[in-house]
Amino acid sequence: MKPAPGVVLAGALVTALAACSGGGPGEAGAGDGDPGTVTLVTHDSFALSEGLLEAFEAESGYTVKTVATGDAGTLVNQLVLTKGSPLGDVVFGIDNTFASRALEADVLAPYTPGTLPDGAEQLGDGALTPVDQGDVCINADLTWFEEKGLPLPVSLEDLAKPEYKDLLVVTNPATSSPGLAFLLTTIGGYGTDGFEAYWQSLVDNGVKVVDSWEDAYYVDFSAVEGGSRPLVLSYATSPAFTVTEDGSETTTGALLDTCFRQVEYAGVLAGTDNEAGAQALVDFLLSAEVQADVPTSMYMYPADPSVELPEEWTKFAPLAPKPFTADPAEVAEHREEWIEQWTAVVVG
Amino acid sequence: MFFAWPVVALVLRGFVADGAVDLGGFADVLSRPRTWRLVGLTLAQAGLGTVFSVLLGLPLAYVLYRRSFPGRGLVRGLVTVPFVLPTVVVGVAFRTLFVDDGLLGFLQLEETLAAIVVALVFFNVSVVTRTVGGLWERLDPRAEQAAAALGAGPWRVLRTVTLPSLGPAIASAASVVFLFCATAFGVVLVLGGVRYGTVETEIWVRTTQFLDLRSAAVLSVLQLLVITGALVASARARARQEAALALVGDRAPAAPLSWRSPGDVAAVLAAALVVGGLILVPLAGLVLRSFRGPGGGWGLENYVALGTTGGRNALVVTVWEAAGNSLRTAALATALALVVGGLVALVVSRRPRAATARRAVTLLDGLFMLPLGVSAVTVGFGFFITLDQPLGLPVDLRTSGLLVPIAQAVVAVPLVVRTVLPVLRAVDPRLREVAGVLGSSPGRVLRTVDLPLAARSLGLATGFAFAVSLGEFGATSFLARPDAATLPVVIFRLIGRPGPENYGMALAASVVLAVLTATVMMLAERLRGDRAGGEL
């Protein structure tokens with residue numbers, strides 16, 4: 001069929017627009033050979049305080065362009081799909097639950113920064129460098145428990161006990177990343193052959209499952225907008241946001257024995273034509289300035305343990321001393337299977 | 001090119017494994033009982049959503065476009081607001097009403113199909129009202145008057161004269177609403193809980209979470225079949241009813257509402273129910289909450305905060321900057337959509353004599369509707385694997401930021417076509433013939449016959465396209481760069497963060513988006529008002 005006139009016209013219009021908006025061939029974009037531009041591909045939670053990226057640009061001479069393409073899962077999948085014609089030069093935001101998929105697809109070029117902090121471990125022979133970390137934990141409405149005179153639950157087992165019936169709301173692991181993290185917590189706690197039985201006991205104890213974190217936290221959780229459930233799946237950092245006005249205490253707390261550790265990585269994209277710029281940006285993400293800014297702008301703990309944390313974090317939102325973790329390769333291999341097993345138990 | 005190619009490319013990837021075509025995915029996916037349950041649920045929620053949107057939208061169209069009353073412009077603007085509100089916000093607003101201790105908790109709607117349908121109607125009733133209203137206000141009232149003079153009661157006039165004339169517009173609106181409902185995503189996830197899912201949500205999970213392109217491709221084809229089926233059915237319905245109608249150039253003078261006419265009273269009651277119960281209650285909850293500051297007191301704190309980047313830098317840009325981005329992007333998208341949509345409508349409105357040509361026209365019509373029926377995820381991911389060198393040009397469109405208005409325009413074009421087309425088709429071809437016989441060139445016929453009649457519906461289409469672009473989230477969230485984030489993207493980000501400042505700001509930003517939309521819609525109406533009269 002001959003293309004409709006409208007299509008041709010739209011094509012022409014777009015080409016014209018593209019021509020006007022770009023300054024010339026050098027502006028054309030990601031993999032296009034302008035040595036002065038570094039394109040950072042990241043997820044929609046990436047942010048740095050104003051001035052930081054500008055300072056990096058001024059110091060290094062590179063121009064930084066940021067492309068955010070959805071959540072962490074979407075990000076990794078797009079990197080895999082665009083292998084060979086990468087969206088940019090460097091990536092930030094691949095977490096430990098999706099890392100294996102990126103490693104297996106070989107979308108990253110190894111690079112080990114000289115400034116790698118002590119205790120920060122790279123993945124995949126230098127392909128991925130840790131930048132920040134955080135815990136996904138059950139949070140409790142402290143006021144509610146105090147008023148009821150009920151002791152706070154401590155462990156995963158406690159959540160299935162009758163005195164905590166109908167109190168917990170969590171999110172769906174198929175659609176929300178904290179939901180998946182909590183599923184991995186239960187697999188860490190009860191093993192691949194025991195987690196289904198544990199979830200059955202949670203279901204019997206009236207656990208509520210909603211679609212997303214904002215639903216659970218803002219609609220069902222009792223401490224924030226007046227929902228009806230005093231236990232919610234959230235982050236270890238969340239209690240830092242419910243501090244009372246005088247700053248002396250917080251109205252919510254994380255149960256630190258129910259946490260899953262998430263680590264976010266950066267890496268140089270294979271096939272970049274600005275490898276030096278990409279490496280410089282990885283170094284920059286590990287610099288003292290950015291590491292100190294991570295808590296404020298990304299709500300995560302820096303990978304560098306020597307960085308000083310905001311006061312309300314050390315006081316009210318510490319990292320879990322012994323979080324559950326998962327082997328990225330295991331997660332990559334079984335993610336779908338585990339979610340299907342979970343669905344069979346919880347949804348029926 | 002900006003739609004078909006990316007989609008086809010992605011779907012093909014799902015069928016090619018290790019260099020060989022592998023259609024085993026079909027047998028695999030189609031043999032899962034889950035797949036058929038999803039198809040059933042998709043049809044059920046889209047069907048119910050469409051039926052109720054039409055049933056509730058018609059009385060509203062009558063009251064808003066056929067009758068005049070003080071404040072009519074305001075209500076017209078208000079009705080469009082839900083259409084652009086981000087689903088995250090609406091989802092939270094509705095769930096707050098539906099949970100056990102919520103205002104409507106006694107209805108026990110939480111995690112039910114009914115909850116999903118209510119929300120779908122909330123979003124889509126304005127599509128029916130506007131599309132049908134646009135034609136209704138220009139129906140020549142003399143046919144109705146004649147029937148009434150011949151002794152037909154008001155119900156009989158409605159049934160035998162008015163509704164058949166409105167048939168094409170109703171079918172048009174219904175097909176758009178069906179597509180919107182069938183591909184609804186956020187609403188289904190949020191309000192349906194874990195038990196409900198549709199083909200669309202399954203494609204999303206398969207693509208973004210599991211990278212299972214094989215299943216996603218099969219599901220996309222399945223979705224396409226369902227959508228095509230719906231479009232064919234709707235085209236048949238339209239073809240049966242479409243006839244040249246007597247349209248008046250100026251809007252027919254709207255009679256003031258009369259409390260003595262039982263028809264008016266019934267329509268007003270139904271309209272009040274829709275506007276009051278369905279639209280105002282959730283919106284009022286939203287607006288009210290947006291005035292409660294982080295400390296719990298009432299005031300403008302959340303609105304003042306819109307000039308900042310949020311509690312602890314939740315955002316890269318301030319909400320006002322995002323509003324600016326939204327307006328700029330929407331303006332560009334609207335221009336694109338009007339040009340493309342207007343041309344498509346013009347081509348499709350012709351009824352060539354040759355059967356093949358007629359079929360080609362119908363096909364073209366359906367083709368431009370498809371973007372509404374295909375998963376935004378498929379389009380979004382498709383963009384990334386195809387547009388690194390569009391048409392061989394050395395322009396990496398994927399990261400240029402230009403894709404945002406283009407993607408929005410792709411979604412807006414079908415609405416433009418559906419709004420303009422019923423009017424163009426209703427132009428009596430004899431008018432054109434007469435003009436031709438009298439020596440007018442085809443260009444002059446277009447300018448003097450089609451354009452004046454279509455101009456008003458173009459105004460409506462402009463408003464609609466603008467509203468769609470303002471509210472578009474699915475594709476935009478894939479493509480928008482953080483420094484050029486639009487309002488819905490910013491709202492999504494704010495509500496995804498803990499802290500009362502951020503939640504309050506998300507709601508305040510939603511109210512801003514709502515006010516912006518209502519204003520644009522009212523301006524579009526005003527524009528039409530100014531142009532009315534004159535040429536004919």
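Predicted, not measured: the structure shown is a model, and the values here were computed from it. Chain naming here is simple, since letters A, B, ... match the order of the sequence lines and numbering starts at 1 in each.
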(message) Once rounded to the nearest 0.5 Å, what's the spacing between atom CG of A:D211 and atom CG of B:L191?
(response) 9.5 Å

(message) Check this for me: A:E245, atom CD, are more than 12 non-hydrogen atoms of other residues, nucleotides or ligands nearer than 6.0 Å?
(response) no

(message) Strictly below 4.0 Å, N to O, side chains only: are A:E336 and B:R206 in salt-bridge contact?
(response) yes

(request) Decide yes or no on side chain to side chain contact (heavy atoms under 4.5 Å, CB included) for B:T96 and A:E225, but give the supporting numbers first. (result) CA-CA 9 Å; B:T96 310; A:E225 287 289 311; over 6 Å; no

(request) Assess whether side chain to side chain contact (heavy atoms under 4.5 Å, CB included) is satisfied between B:T207 and A:N77, documenting all intermediate values. (result) CA-CA 8 Å; B:T207 312; A:N77 292 351; 5.7 Å; no

(request) Let me know if A:T74 has heavy atoms under 4.5 Å from chain B in its side chain, its backbone, both or neither. (result) both

(message) Using a 4.5 angstrom heavy-atom cutoff, name the option from A:G73, A:S177, A:S85 with the most pairs to chain B.
(response) A:S85

(request) Answer with side chain, backbone, both or neither: which region of A:K83 has an atom nearer than 4.5 Å to a non-hydrogen atom of chain B? (result) neither

(message) So which residue, A:D215, A:V347, A:L180, ends up with the most heavy-atom pairs under 4.5 Å with chain B?
(response) A:D215

(message) Quick check: do B:F210 and A:I339 have side-chain heavy atoms less than 4.5 Å from each other?
(response) yes

(request) Sort B:L213 into side chain, backbone, both or neither according to what part of it lies under 4.5 angstrom from a heavy atom of chain A. (result) side chain

(message) To check you understand the geometry: which heavy-atom pair defines the closest contact between B:T208 and A:R101, and what is its length?
(response) O-NH1, 4.4 Å

(request) Against chain B, label A:V346 side chain, backbone, both or neither, depending on which of its atoms sit under 4.5 Å from a heavy atom there. (result) backbone

(message) Tell me every residue that passes salt bridge (charged side-chain N to carboxylate O under 4.0 Å, His left out) with A:R335, counting only those two or more places apart in sequence or in another chain.
(response) none

(request) Search all heavy atoms of A:F46 against all heavy atoms of B:R493 and return the closest pair with its distance. (result) O-NH2, 3.7 Å

(message) Below 4.5 Å, heavy-atom pairs only: which of A:V224, A:D220, A:V80, A:V41 has the largest tally toward chain B?
(response) A:D220

(message) Please give me the minimum heavy-atom distance between B:R13 and A:L81, naming the atom from each residue.
(response) NH1-O, 3.2 Å

(request) Would you mind reporting whether A:T175 and B:W204 have side-chain heavy atoms less than 4.5 Å apart? (result) yes

(request) Determine whether more than 12 heavy atoms belonging to other residues, nucleotides or ligands lie under 6.0 Å from atom CD of A:E340. (result) yes

(request) Please flag which part of A:V209 lies under 4.5 Å from any non-hydrogen atom of chain B: side chain, backbone, both or neither. (result) both

(request) Determine the option with the most heavy-atom pairs under 4.5 angstrom with chain B, choosing from A:A332, A:S238, A:S228. (result) A:S228

(request) Enter the distance from A:Y218:OH to B:R95:CZ here, rounded to the nearest 0.5 Å. (result) 14.5 Å

(message) Taking side chain as everything from C-beta outward and backbone as N, CA, C, O, which of these in B:L10 sits under 4.5 Å from a heavy atom of chain A? Side chain, backbone, both or neither.
(response) side chain

(message) Minimum heavy-atom separation for B:I495 and A:E214, please, with both atom names.
(response) O-CB, 3.3 Å

(request) Check whether A:Y235 gets within reach of chain B through its side chain, its backbone, both or neither, counting any heavy atom under 4.5 Å. (result) neither

